[in-house]
Amino acid sequence: MFADNSSHHFLPPPHPGEIWELNLAWDSGFLSENRYVIIIREAQPKYPTILSAMLLSAETQYLSDVDILIPPAISGLDRDLLAETWNVHNLSTNLLFRRVGKRLSRQIYDLLLSIGDRQDPKSGQISLVRQVRSLELEIASQSNLEFHQREHIWFYSLNPSAIVNIADLMEQTIAVEREFIDLARIRTSLSTWFQQIIEPEWQERNHVDRRTPIATRSDDADDDLTLTIEQIKSIDDEVRRRQLIKKLAYIATSHHQAIETLIQSIVTTQDEETLWVAVDSLRQIDLEHPHAGIRRSKSIDLGTNLNFVVNIVPRFDRRTNNQSRARFGILLQVYPDRDNTYLPANLKLIVRDEIGDDLTEVVARSIDRCIQLKLSGTQTEIFSVCLELDGIESISDFII
């Protein structure tokens, strides 16, 4: 419940530039820290219980190009705070608990408003940095989208236009706080795998699964390596190209021309299936080759043991032959453990977006030795993978 605010009518009227503590003391324990706001516009005679405020945050690790760090010497509080210059909403005066700290100078107040009003946060960044630092404040160059999204949701839920009564406010805020817990889950950073960073639960995959490769191999081996390479380079039919690429894994052990042909296929193809067939063949010839990407796995227990494998390779822009905007191809695979030949029927492999909505899924049959999904994304994108069997779930959270 809300803390008692029976003394609200005896509070001094809020004025622009003042820092106020919000009246958000919960018995539920979701909110363990005080939250503060800067008053932007005081209540008007027509709406005497509604004012405008800018949210402050103690999560100073998210300092950005629009979240300005205010030190204790300026705020009068006992900690550094971020002024979320972009996060300004109407607020009921009933949510104000007490005035704290110092009132900001008009110069700082105007600066915070001007930053929040900018259409392009990068415009005039050099002069802005100088102005900010001249006032003994701090600013950074990066942005923090996930932090901004959850802060916006939470603060907006306090907006009088978004609620009907205190009971609704409590319900909505509890829901948002639970969302905070979800957003704060530790996510495996896939792009850092290329820096040889390995989390304890993930193991390097130093072999290629022969029982269920990315695609079933053809027994029609062609010993004419040169002809196969020429056909791969000249053919337009992607299905036939994949068949020839698969052959290279058999007829070339470490031939440099075969390796170069596979690299060229990986770099230039825009077809997801061809990409992963070429990666599979390259791994069988040279498992450690940089263009073969990274392959790691972890064990999942859903009543039966499963091997969850994540493959990631850089993607390239066909026109420039260079990596484009840190884009990656991702292949998710699930295998049975070594004690089983087949996956359990009805095992689901589900990919969810940042807010938990299902994007795609595949369901195992009793005859499947592997199920897999192919994805493509850019660095910093967030997604989750759920393995589900008979109502039991295991969720892995990722950021590219």
Side-chain angles (χ1 to χ4, degrees), residues 190 201-222 237-251 262 265-266 269 271-285 287 292-313 329-353 357-376 383-396 398:
L190 296 180
E201 65 178 342
W202 291 93
Q203 303 297 320
E204 287 190 280
R205 202 74 175 182
N206 292 321
H207 68 279
V208 177
D209 291 275
R210 299 295 178 179
R211 294 183 302 166
T212 310
I214 292 174
T216 305
R217 303 194 182 289
S218 170
D219 293 328
D220 182 20
D222 185 353
D237 184 346
E238 287 295 331
V239 174
R240 179 57 180 158
R241 188 196 305 275
R242 289 196 288 269
Q243 293 173 346
L244 294 168
I245 287 173
K246 283 185 269 185
K247 283 188 180 181
L248 283 186
Y250 281 118
I251 65 178
L262 292 172
S265 297
I266 292 169
T269 186
D271 184 272
E272 293 290 326
E273 188 69 24
T274 301
L275 168 72
W276 290 109
V277 169
V279 167
D280 184 43
S281 293
L282 179 58
R283 283 175 180 161
Q284 293 176 57
I285 298 174
L287 182 60
I294 304 292
R295 193 167 193 255
R296 292 183 181 166
S297 68
K298 70 175 180 178
S299 180
I300 302 289
D301 183 1
L302 293 180
T304 183
N305 290 325
L306 305 166
N307 291 315
F308 175 39
V309 181
V310 177
N311 306 260
I312 179 169
V313 296
I330 299 167
L331 175 66
L332 308 171
Q333 298 174 299
V334 183
Y335 296 92
D337 66 2
R338 292 297 172 182
D339 295 330
N340 295 287
T341 303
Y342 301 101
L343 291 169
N346 299 318
L347 170 69
K348 292 183 180 180
L349 172 62
I350 307 168
V351 175
R352 293 172 175 161
D353 63 16
D357 291 337
D358 291 358
L359 294 176
T360 184
E361 71 173 54
V362 62
V363 182
R365 304 164 298 175
S366 59
I367 59 172
D368 285 330
R369 299 183 180 185
C370 174
I371 54 175
Q372 60 189 32
L373 288 172
K374 303 177 184 71
L375 312 174
S376 181
F383 68 97
S384 297
V385 178
C386 173
L387 293 180
E388 179 186 328
L389 179 64
D390 298 332
I392 303 173
E393 290 187 348
S394 174
I395 299 176
S396 302
F398 298 98

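Computed over heavy atoms, backbone and side chain alike; hydrogens, waters and symmetry mates excluded. From a predicted model like this one, the values you see are computed outputs, not experimental measurements.
Here Arg352 pairs with Glu393 in a salt bridge; the nearest charged N to carboxylate O distance falls below 4.0 Å. Electrostatic pairing of Lys374 and Glu273 counts as a salt bridge here, judged by a charged N lying under 4.0 Å from a carboxylate O. A salt bridge is defined here as a Lys NZ or Arg NE, NH1 or NH2 lying under 4.0 Å from an Asp or Glu carboxylate O, and Asp280 with Arg283 fails to meet this definition.
Across Pro344 and Leu389, no two heavy atoms sit closer than the pair CG-CD2, 3.8 Å. Of all heavy-atom pairs spanning Ile266 and Ala278, the tightest one is CG1-CB, 3.6 Å. Shown here for Ile395 and Ser384, the closest heavy-atom pair between the two residues is CG2-CB, 4.2 Å. Here the closest non-hydrogen pair linking Gln372 and Val362 is O-CG1, 4.0 Å.
Using a 4.5 Å heavy-atom threshold, the side chains of Leu349 and Val385 count as touching. You'll find the side chain of Asp339 stays beyond 4.5 Å of the side chain of Asn305, heavy atoms only. Residues Ser394 and Leu302 are in side-chain contact: their nearest non-hydrogen atoms beyond the backbone lie under 4.5 Å apart. Side-chain contact between Cys386 and Lys348: absent, with no pair of heavy atoms (C-beta onward) separated by less than 4.5 Å. Contact check for Leu306 versus Tyr335: no side-chain heavy atoms found under the 4.5 Å cut-off. Between Val363 and Leu347 there is no side-chain heavy-atom pair separated by less than 4.5 Å. A 4.5 Å side-chain heavy-atom check between Ser299 and Gln203 finds every atom pair outside the cut-off. Residues Val309 and Arg296 fail the side-chain proximity criterion, which asks for heavy atoms closer than 4.5 Å.
A distance of 11.0 Å separates CZ of Arg242 from CG of Leu275, quoted to the nearest 0.5 Å. Residue Ser265 holds its OG atom at 10.0 Å from CG of Leu244, rounded to the nearest 0.5 Å. Here CZ of Phe308 is found 5.0 Å from OG of Ser396. Values are rounded to the nearest 0.5 Å. Thr304 OG1 to Asp301 CG: the interatomic distance, rounded to the nearest 0.5 Å, is 8.0 Å. Put simply, OG1 on Thr341 and CD1 on Ile367 are 13.5 Å apart, with the number rounded to the nearest 0.5 Å. Ile330 contributes atom CD1, which lies 4.5 Å from atom CD1 of Ile312 (distance to the nearest 0.5 angstrom).
Within a 6.0 Å radius of CG in Asp271, other residues, nucleotides and ligands contribute more than 12 heavy atoms. Within 6.0 Å of the CG atom in Asp390, the count of heavy atoms belonging to other residues, nucleotides or ligands does not exceed 12.
The closest side-chain donor-acceptor pair between Glu238 and Thr274 falls under 3.5 angstrom.
Aromatic ring pairs are classed by plane angle as parallel below 30°, tilted from 30° to 60° and perpendicular above 60°; the pair Phe398 and Phe383 is parallel.
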| said: Checking Asn311 against Ile294 for the side-chain contact (heavy atoms from CB on, under 4.5 Å) test, could you report, in this order, the C-alpha distance in whole Å, the side-chain angles of both residues, the deciding distance, and whether it holds? | reply: CA-CA 6 Å; Asn311 306 260; Ile294 304 292; over 6 Å; no
| query | Checking side-chain contact (heavy atoms from CB on, under 4.5 Å) for the pair Thr360/Leu373: CA distance, chi angles, key distance, verdict? | reply | CA-CA 8 Å; Thr360 184; Leu373 288 172; 4.0 Å; yes
| request: Go through the steps for Ser297 and Arg295 under the test side-chain contact (heavy atoms from CB on, under 4.5 Å), then give the verdict. | output: CA-CA 7 Å; Ser297 68; Arg295 193 167 193 255; over 6 Å; no
| message | Leu332 vs Val351, test: side-chain contact (heavy atoms from CB on, under 4.5 Å). Steps then yes/no. | response | CA-CA 9 Å; Leu332 308 171; Val351 175; 3.6 Å; yes
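Put simply, the side chain of Asp368 gets close to the backbone of Arg365: a donor and an acceptor are under 3.5 Å apart.
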